[in-house]
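Below: one structure, written as structure tokens.
Indexing begins at 1, ligand by ligand and atom by atom, following the structure's order. Note that these values count all heavy atoms, side chains included, but never hydrogens, waters or copies made by symmetry.
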Amino acid sequence: MTSESPWSQLGLSPQILELIEKAGYKQPTSVQSQAIPLVREGFDVLVSSQTGSGKTASFVIPTVERFQGKNGTYILALSPTREIAQQTGAVFETFGAPLGLRTVVCIGGASIPVEKEALASSPHIIVATPGRLCDHLERGNVWLDFIQCLIFDEADRMLDMGFAKQIDIITEQIPKERQTLMFSATFAPKVEKLARSVMRDPKEVTIEKTVESAPKIDQRLYWLDEGKKMSALMRLAREETGTIIIFAKSKERVFQVWRALHDKADDVIYIHSDLAQEQREAAIAEFKSGRYRILVATDVMGRGIDVDDVAHVLNYDVPREAEDYIHRIGRTGRRGKTGMATTFAIPGKDDAGIRAIEKIRGITNERSEEARKNDQRPQRNNRPNERRPDADHQQRHRGPRPARERLETPKTVAPNPVMSPPADILVEKQSGIGFLDWFKKIFS
Ligand code: AMP
């Protein structure tokens, strides 16, 4: 790495710079250039960031460098889901192992005795989901007295998942003299409350919008009745030739959607919490490898999927929490690519959910009230086949589609599954306001 490399400006050791080069990270992302120097200096740091921003390396790189050479378990990273914990563990391995640091990942679904043994070997770093770590604490398999750096990854999500109590139990057992780093996509009041209780005078980092990092997501909202969703889904799956993640509200719905698609094509897979850990990992790996083009998932499962090139996110059901909308559509439009996000909403049933999404995005509701009235009226011009994804998008995401059966056109086309365009959401598209602007609005 040359001395002109932007990485060299961050004051990192030559050994770390070499590892960064090996990882292929040409230049630091925005969150990395802002957070790394603060973490290296030992400050508590509160970071607004989302998956895909490079946030994991922004806490892994400076912490392994900072605590290198010490004995004992001194870094604890808490992750909301097993998949995120595993990904974080892998990044700690990449940068920590060459420095002689051992990482243990503790997650629900894995073997308790195996984890117990790994914990007994005094690893330098523990990455865990809060529930599983509490389990080990209760069994006396682990002590946290040595921890000097506590990391909350996706804090909002952990709280949304009901981990507040476990977080309390864990933080009580960690020395007060420590560094605390907190990463969160949103700063909801409960996140601020947690930050106030566990952090000391934190430095705040908010990722500025940059051309490369701002996800470009073309968002569409279709108002349609429950009975029309399936045919609209079939149409979308047929017209979109790139990869698709479909979010549904429950395990049953995931299975229902999967089964309907699977009847037509064999490149569809699903994940939900009834599947064993290995099955989920295999499903995600096969989706990433391109063996499967369409993945159907619940929110919790979808959260941990780190795939570079998802062309389209479909919210088959409006998410229960508005924040989930942000997390869901963040699966597409990553790393400078454009993505599509389509939401199916049921008039009358999902109005409040859509309003909450509009609110979290900082969009006023004046036009949407009018749009909602229009939504109820049949409008021939807004059929889904007349709102095809733009050719550019198709071109960019058209991968080497495996030669297998494609979805058939439904024989009977729903008379009018798509209602008026979502004025509020299209306003965002027309005015060119980026996805990150929503985040800024949430934070302000
Ligand atoms: P994260 O936001 O931590 O989930 O990271 C998203 C993806 O970005 C991961 O696949 C990382 O390997 C990758 N990544 C992180 N930092 C960089 C960087 N500076 N340059 C290129 N890729 C990166």
Cationic tip of Lys203 above Phe43 ring, under 6.0 Å, 45° of axis: yes

Output the distance between atom CD1 (Ile151) and atom CZ (Phe59), rounded to the nearest 0.5 Å. 5.5 Å

Verify the ring-centre separation between Phe247 and Tyr316: is it less than 6.0 angstrom? no

Ion pair check, Arg157 and Asp324, cut-off under 4.0 Å: yes

Please confirm whether Gln32 comes within less than 3.5 Å of ligand 1 when only nitrogen or oxygen atoms on both sides are compared. yes

Less than 3.5 Å between some nitrogen or oxygen of Thr56 and one of ligand 1, yes or no? yes

For Gln87, state whether at least one heavy atom is located under 4.0 Å from any atom of ligand 1. no

Are any of the N/O atoms on Pro28, whether in the backbone or the side chain, positioned under 3.5 angstrom from an N/O atom of ligand 1? no

Between Trp7, Phe59, Tyr25, flag the one that comes closest to atom 20 (N) of ligand 1 by a heavy atom. Tyr25

Is the Tyr74 to His124 ring centre distance short of 6.0 Å? yes

I need the atoms of ligand 1 closer than 4.0 Å to a non-hydrogen atom of Ser53, numbered in the order shown. 2 (O)

Output the list of atoms in ligand 1 that are nearer than 4.0 Å to some heavy atom of Gln27, sorted by atom number. 18 (C), 19 (N), 20 (N)

Taking the six-membered ring for Trp and the single ring otherwise, decide whether the centroids of Tyr270 and Phe255 are under 6.0 Å apart. yes

